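Report on the structure given below.
Numbers here are sequence positions counted from 1. Just so it is clear, the model here is predicted, and its values are computed rather than measured.
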Amino acid sequence: MKLRHIVWTLLTLIVLAAVLAGALVAMNLRGEAPLPDQPEAFDATPQQVERGRYLALAGNCAGCHTTRGGQPYAGGLPLETPFGTIYSSNLTSDAKAGIGGWSSAHFWRAMHNGRSKDGRLLYPAFPYPNFTKVTREDSDAIYAYLRTVAPAPAPNLAHRLRFPYDTQAALAVWRALSFKPEAFVANAGKPAEWNRGAYLVDGLGHCIACHGSRNSLGATDAKLGLSGGLIAVENWYAPSLADKHQAGVAEWPAADVVALLKTGIAPGGSVMGPMADVVFRSTQYLSDADLTAMASYLKDLPDAPKPEASARTAAAPIRRDASAMALGGKIYDQRCAYCHGDQGQGAKGAYPPLAGNRAVNMSPPTNLIQVVAHGGFLPATAGNPRPYGMPPFGQVLDAAEVAAVLTYIRGSWGNDSAPVTQMDTMRR
């Protein structure tokens, strides 16, 4: 009886919250300015359109709003989340399916307030919690560019979300807890270059969407900053950009940071997985000035606080299973040493060293497992048009063998990181 009472109480609270949320949606208590009854005149200049094209690249808009082989910006790309599937919308100039019937004010409201033309609340898979910092001038430029994109009649697909996540009421509750429109405020104590980098990284670049931790409702934790996080469903780990043991660049020369973002490779590392797609579709096209600005900001990040679960603690010496090390060594000799060297030294300009490699020693080992199982491929860029890649081994190595070879690599040639377990590999 007591459990039943608790359940009914919770259900009652959920219903009341839904009713209240619906009222909040209707009353629009966020203080958003009403849109004009008649759309304002909007005559874009060629310079504004070109600026919008560049800014759309900086925001990697096509990356989410274009399906593989599909018409650019026609939407329909499925974005898998823990709550269900969200489909990206059509951003072409089509008057019915796209945003051809939108005004610049409608577009600005979507960017800044997370509302569609008809007032519906948008799901934060569209990263308006970051885009809210984009200036009206830049929003108008992106809008001007999208109006030049060839129209595509592809209708927007209905999201497939579980109840109650498929309701506007639930989304309103989420927004009340996790979102507040804001503007980018420059730090007066920092130079203009640093502030430009902060605007790109924290706003249009929405880096925290991957490199930040999320709570149980899927909201990024701004207090933890760019401290790293697991990319849900994809099972890639976006490493901390403020930790030198992960992907922090405080000790890198700025030129190396620029090279990584422009070409996908640098003396201290390379990009694979989702970040390879970001470099391929977005950052390789940015100006050296903007990339240098981003480097200035990223190099100056303070040591970010880490979630309690991933905080480093003093630990006993790592113990390795002798049989796993023996099996891993045998697999490494047969399948890895030809490229990466018998001492994990790699081959300059081709295959990265594994000895002392922070990506190899990083915790969690999620990305290593993905690379061994599914292959590792750098982006093709103007600065690295024919990148070397690593073939997948998931079809020839079972879970125990993947765990063993990674345990061997993480415990050899001076590496001293925790073993990889079969349980770890099953999340791939």
- Item | Tyr199 side chain vs Thr135 backbone, donor-acceptor pair below 3.5 Å | yes
- Query: Taking side chain as C-beta onward, heavy atoms only, is Pro419 less than 4.5 Å from Ile318?
  - Reply: yes
- Message: Assess, by modelled atom type and distance only, whether the side chains of Tyr408 and Arg320 contain a donor and an acceptor separated by less than 3.5 Å.
- Response: no
- Trp236 side chain vs Gln370 backbone, donor-acceptor pair below 3.5 Å: no
- Message: Can you confirm whether Cys61 sits close enough to Tyr73 that some side-chain heavy atom of one is under 4.5 Å from a side-chain heavy atom of the other?
- Response: yes
- Query: Using the benzene-type ring in the case of Trp, are the ring centres of Tyr332 and Trp413 under 6.0 Å apart?
  - Reply: yes
- Query: Can you list the steps and then say if Tyr54 with Ser287 is a side-chain contact (heavy atoms from CB on, under 4.5 Å)?
  - Reply: CA-CA 9 Å; Tyr54 176 84; Ser287 67; 3.3 Å; yes
- Task: May I ask you to test the Arg410-Pro365 pair for a side-chain heavy-atom distance under 4.5 Å?
- Result: yes
- Just by distance, do the side chain of Thr407 and the backbone of Val420 share a donor-acceptor pair under 3.5 Å? yes
- Step by step, would you call Asn187 with Asn195 a side-chain contact (heavy atoms from CB on, under 4.5 Å)? CA-CA 7 Å; Asn187 186 331; Asn195 278 298; 3.7 Å; yes
- Query: Could you go step by step and tell me if Val278 and Thr283 meet the side-chain contact (heavy atoms from CB on, under 4.5 Å) rule?
  - Reply: CA-CA 7 Å; Val278 171; Thr283 58; 4.2 Å; yes
- Message: Within this structure, what is the NE2-NZ distance for the pair His206 and Lys133, rounded to the nearest 0.5 Å?
- Response: 13.5 Å
- What heavy-atom pair brings Ala44 and Ala144 nearest, and what distance separates the two atoms? CB-CB, 3.6 Å
- Message: With a 3.5 Å distance limit and no angle check, can you tell me whether Ser213 reaches the backbone of Asp221 through a side-chain donor-acceptor pair?
- Response: no
- Task: Look only at the side chain of Arg196 and the backbone of Ala289, and say whether a donor-acceptor pair between them is shorter than 3.5 Å.
- Result: no
- Query: With a 4.5 Å heavy-atom cut-off, do Tyr123 and Leu161 have their side chains touching?
  - Reply: yes
- Roughly how far apart are Ser240 OG and Met362 CE, rounded to 0.5 Å? 9.5 Å
- Ignoring hydrogens and angles, state whether a donor on the side chain of Trp194 or Asp300 is under 3.5 Å from an acceptor on the partner side chain. yes
- Query: How long is the gap from CG on Asn367 to CG on Asn235, to the nearest 0.5 Å?
  - Reply: 10.0 Å
- Message: Checking Thr92 against Asp94 for the side chain to side chain donor-acceptor pair (under 3.5 Å) test, could you report, in this order, the C-alpha distance in whole Å, the side-chain angles of both residues, the deciding distance, and whether it holds?
- Response: CA-CA 6 Å; Thr92 72; Asp94 189 271; 5.5 Å; no
- Item | Minimum-distance pair of heavy atoms, taken over all atoms of Thr66 and Leu77 | O-CD1, 3.9 Å
- Taking the side chain as every heavy atom from C-beta outward, state whether Thr85 and His159 have any atom pair closer than 4.5 Å. no
- Item | Nearest-0.5 Å distance, CG of residue Asp416 to CG of residue Asn361 | 8.0 Å
- Task: Specify the closest pair of heavy atoms between Val372 and Met390, including all atoms of both residues, with the distance to one decimal.
- Result: CA-CE, 4.0 Å
- Query: So, the side chain of Thr148 versus the backbone of Tyr145: is there a donor-acceptor pair under 3.5 Å, distance only?
  - Reply: yes
- Task: Find out whether Trp102 and Arg109 are in side-chain contact, i.e. whether some heavy atom of one side chain is under 4.5 Å from a heavy atom of the other.
- Result: no
- Query: Relative to the ring of Phe83, is the ring of Tyr165 parallel (under 30°), tilted (30 to 60°) or perpendicular (over 60°)?
  - Reply: tilted
- If every non-hydrogen atom of Pro379 is compared with every non-hydrogen atom of Ala276, which pair is closest and at what distance? CB-O, 3.3 Å
- Task: Using atom types as modelled and distance alone, determine if a side-chain donor or acceptor of Thr81 lies under 3.5 Å from a backbone N or O of Gly84.
- Result: yes
- Do any N or O atoms from the side chain of His65 and from the backbone of Ser89 form a donor-acceptor pair under 3.5 angstrom? yes
- Query: Any luck finding a side-chain donor-acceptor pair between Asp424 and Thr421 under 3.5 Å?
  - Reply: yes
- Any donor-acceptor pair under 3.5 Å from Glu182 side chain to Thr132 backbone: no
- Task: Return the minimal non-hydrogen interatomic distance between His112 and Phe179, and the atom names on each side.
- Result: O-CZ, 3.6 Å
- Query: Is Phe184 atom CZ crowded by more than 12 heavy atoms from other residues, nucleotides or ligands, each under 6.0 Å away?
  - Reply: yes
- Determine whether Ile409 and His340 make a side-chain contact, defined as any pair of heavy atoms from C-beta on separated by less than 4.5 Å. no
- Hey, are the side chains of Leu226 and Cys207 touching, using non-hydrogen atoms and a 4.5 Å cut-off? yes
- Query: So does Asp140 pair up with Arg51, basic N to acidic O under 4.0 Å?
  - Reply: no
Residues 262-269 side chain polar contacts: donor-acceptor under 3.5 Å, at least two apart:
| unit_1 | atom_1 | unit_2 | atom_2 | d |
| --- | --- | --- | --- | --- |
| Lys262 | NZ | Leu286 | O | 3.2 |
| Lys262 | NZ | Asp288 | OD1 | 3.4 |
| Thr263 | OG1 | Ala259 | O | 2.7 |
| Thr263 | OG1 | Ile265 | N | 3.3 |
| Thr263 | OG1 | Ile265 | O | 3.1 |

- Message: What's the separation between atom SG in Cys336 and atom CD1 in Ile331, rounded to the nearest 0.5 Å?
- Response: 8.0 Å
- Task: Starting at CG of Asn156, measure out to CG of Leu91 and round the result to the nearest 0.5 Å.
- Result: 8.5 Å
- Message: Does Met325 form a side-chain contact (heavy atoms from CB on, under 4.5 Å) with Ser412? I'd like the steps, not just the answer.
- Response: CA-CA 9 Å; Met325 289 292 286; Ser412 301; 4.1 Å; yes
- Message: Using modelled atom types and a 3.5 Å cut-off, is there a donor and acceptor pairing between side-chain atoms of Arg214 and backbone atoms of Leu230?
- Response: no
- Message: Please find the pair of heavy atoms, one from Ala380 and one from Pro385, that lie closest to each other, and give the distance.
- Response: CB-O, 3.9 Å
- Item | By salt bridge (Lys or Arg N to Asp or Glu O under 4.0 Å) - contacts of Arg53 (at least two apart) | Glu50
